[in-house]
Structures are given as C-alpha cells and as structure tokens.
Amino acid sequence: MTNATRPIILTGDRPTGQLHLGHFVGSLRSRVGLQDSHQQYILLADTQALTDNADNVEKVRNNIIQVALDYLAVGIDPSKTTICIQSCLPALFELTSYYMNFVTVARLERNPTIKSEIQMRGFERDIPAGFLYYPVSQAADITAFKATVVPVGEDQVPMIEQTNELVRRVNRQIGHEVLPECQALLSNTGRLVGFDGKAKMSKSLGNTIVLDASDKDIKKAVNAMYTDPNHLRIEDPGQVEGNVVFTYLDAFDPNKAEVEELKAHYRRGGLGDGTVKKRLEAVLVELIAPIRERRQELAKRPDDVMDILRQGTLECQKITAQTLDEVKEGLGLFKL
Ligand code: TRP
C-alpha cells in the first residue's frame, strides 16, 4: 500500500514503567502487525504522565527510554512506525488551548475514565487541573495527526467519544471539516491476568512478567501460577477456566490445536499441572528470549535509541504544526 492510501493510526502510552506481557498481549503485538497496513505513529505521552506525576519528572523521563527499548525489542520498526515524544511537540499544547474553549468542566467531570481515575487516585476535589483536562490534550494528540484509527483498551473508549465531540464542535466553528473523526480499535485479547490469577497484570501488584525477564524469572513466575486448587492428584479432573496456566497458553502458545487437546486431557483427568507448566515455560522462554536479547543489545546503544526518538519527533513536529496552522486559519486567527 502506498502511504497516501494507508489509514493513519495513532497510539499513545503514558511512560509510567517498563512494559510487560500484559502490554504485549494488549497492544504491542498488534502494533507490530499494524505497521505494515497503516501509517502508524506512537506517541510517548510523557506530558500526560506528568498530570499525576508532576514531582516525578526524572522517573517519567527514564521510562521514555525504557518503553522505547521495549517497542524496538518487540519489533516496532522505526522505518515503518514513527515514534515521538509528546512534550517535544509544541503544536499539541496550542491545539489543546483552543480546544479547551469547546468543552465544559462539567463535561470533563462526567468523562467515565477520568471519573474512575480520580476515584482510584483518591483526589476527591483536589484534582490537578492538568489531570482533569487530559482528555482535551488527548483529543489534540489524535487530531494533530489526523488519525482515524486509535487502538485503545476498553477503559479509554470515553476518550475517543470526547475527542469526536470536540472534532464536531471545532469543525462546526470553522465551518468545514478540518479535523477527521476517529474510531477506537479495541484490542480483542482483553487484559492479561497477572500470574497470581488475582487481577490484571500490573507492576504495583507485583504479578508481572517483564519483556526482558530472565529464563529464571520466567520459571519462577510459571511455577507460582495459580491453577485449579481442587486438582490435587494428577488423575483428578481439572478445571481450565480461571486456570492461569491455560489462560497464558491461550494467549501465547502458537499451537492452538495442541492447547485444545491439552485442555480436554486436563478436564478428563490424568494431566498434571507440572506438565502443563513445563510447556508454558518453554513457550514463554521462546517468546521472551529473543526480545530480551534485542533489548539488551539496544540498551548498549542509547545514542541510537535517542536518534530514533529525535528523528521521529522532528517528523511529527512538522505534521502537528501543519494541523495547528489549519485550525488557526480555520478559526480566523492572525497569521503573521
Ligand atoms: N491515555 C492513554 C493512556 O492511558 C495515553 C494516550 C495519550 C493516548 N495520548 C493518546 C492514547 C492518544 C491514544 C491516543 O495510556
């Protein structure tokens, strides 16, 4: 496909920590595929991360490099996907300022994502203003690239809705369609449960497998995995639903037919947890070992990684400045 006919896709990540298998299943794996069919941009949303991390700039800054290493290690190819840093794209902030006049505080407070995030963080009424309006800044991100496809998790769907409301409002003010509406592309794999089986994989819960996990870490995590607590003897029938080992085999084992056979065998009885865990361990080592090696190689060349981010960001400065120009002209502002 030529560039002109490829749909524009923008994904964004708040760089809050090293990525893990949950991110791999939820987004990274599909981004590697999407870069061949779409014009793909990945935004490292460091400014958005600061909306609840204002005193943690150093951490956010370091995480940019960690996350970039993760992208490159899993196969995001900078000749196909453009990676950029949000805080280095000034047009996004100008667009945000104009868009702020087309949304009310009440509407922002009703945004379900923001509402639940405020609750989770225990902000009550002491919400950083930057946090409350981050949906507007996200609308600026999306529209600045004229993205029509935005891959997000279920929890971010209200952001897409709010973006499209702003798009319609701004276009109406301008009098013609400068900004395109966008569509959420939902990841179909759902969120990966942590290896403890308790909740989704998350760093704060300590139940993650990172993308550069050692073979030993993988073994440890698999051995600790929650299975069927009633499957006491090998010959007992076992339950597959809610059994983390099978959840992970479903997510990562390339041989679906064999996984189905294993499930049937486990349900009948006669298949021990140890055997299934050995298989999963081998599957995860095969997946992670090459990612880990690529990541370690890249980590030795931080200047090359910075160059990729610099090149990508410079390209995106032009794209986003172009959209800003169109919006300002459309609104009828001075052009000096
Ligand atoms: N809000 C997203 C998150 O929770 C990050 C993000 C920022 C984003 N800008 C974006 C996602 C633009 C998609 C498009 O991580």
Side-chain angles (χ1 to χ4, degrees), residues 7-20 22-28 30-31 34-35 38-53 56 59-60 63-64 66-68 70-71 76 81-93 95-96 99 108 111-121 128 130-167 179-187 191 200-204 312-313 316 319-320 323:
I8 298 175
I9 193 162
L10 174 75
T11 60
D13 286 316
R14 279 180 257 189
T16 49
Q18 207 189 336
L19 304 181
H20 52 62
H23 299 110
F24 184 79
V25 169
S27 60
L28 295 181
S30 70
R31 288 182 197 175
L34 286 164
Q35 64 187 348
H38 289 68
Q39 177 63 48
Q40 181 167 248
Y41 299 94
I42 301 183
L43 178 78
L44 286 159
D46 57 341
T47 310
Q48 189 177 106
L50 290 181
T51 60
D52 63 339
N53 269 294
N56 258 326
K59 186 184 93 184
V60 172
N63 283 335
I64 288 181
Q66 296 307 315
V67 172
D70 287 327
Y71 291 156
I76 297 291
T81 295
T82 308
I83 309 173
C84 60
I85 301 176
Q86 188 183 33
S87 62
C88 301
L89 298 173
L92 298 181
F93 303 93
L95 283 172
T96 303
Y99 294 177
L108 287 165
N111 181 309
T113 309
I114 291 291
K115 236 167 131 170
S116 74
E117 284 188 294
I118 286 172
Q119 218 165 39
M120 254 161 47
R121 287 165 176 74
F131 191 87
L132 183 65
Y133 82 75
Y134 97 66
V136 182
S137 120
Q138 191 155 330
D141 300 340
I142 295 168
T143 55
F145 287 88
K146 300 205 169 157
T148 53
V149 185
V150 185
V152 285
E154 200 82 57
D155 60 314
Q156 288 278 308
V157 170
M159 296 296 162
I160 305 300
E161 286 165 5
Q162 187 144 24
T163 296
N164 284 333
E165 278 176 36
L166 271 161
V167 164
L179 306 172
E181 290 194 35
C182 63
Q183 260 183 348
L185 179 67
L186 286 178
S187 70
R191 296 201 154 193
K200 70 164 190 171
M201 193 174 261
S202 117
K203 193 173 152 200
S204 55
T313 302
C316 295
I319 296 166
T320 53
T323 307

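Just so it is clear, the model here is predicted, and its values are computed rather than measured. Note that ligands are numbered from 1 as they come in the structure, with each ligand's atoms numbered from 1 the same way.
- Checking side-chain atoms of Thr82 against main-chain N and O of Gly312 turns up no donor-acceptor pair under 3.5 Å.
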Give one line per pair: atom of ligand 1, protein atom, distance. Only N/O to N/O under 3.5 Å.
unit_1, atom_1, unit_2, atom_2, d
ligand 1, 1 (N), Gln48, OE1, 2.7
ligand 1, 1 (N), Gln138, OE1, 2.8
ligand 1, 1 (N), Gln156, OE1, 2.9
ligand 1, 4 (O), Arg14, NE, 3.2
ligand 1, 4 (O), Arg14, NH2, 2.8
ligand 1, 4 (O), Gln156, NE2, 3.3
ligand 1, 9 (N), Asp141, OD2, 2.7

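- Under a 3.5 Å cut-off, the side chain of Gln162 and the backbone N or O of Pro135 do not form any donor-acceptor pair.
- Checking Gln48 against Gln138 by side-chain atom types alone, a donor-acceptor pair falls below 3.5 Å.
- Judged purely by atom type and a 3.5 angstrom limit, Asp13 has no side-chain atom pairing as donor or acceptor with the backbone of Leu44.
- Side-chain atoms of His38 never come within 3.5 Å of backbone atoms of Gln40 as a donor-acceptor pair (strictly under, hydrogens ignored).
- Of the possible donor and acceptor atoms, one in the side chain of Asn111 sits under 3.5 Å from a partner among the backbone N and O of Ile114.
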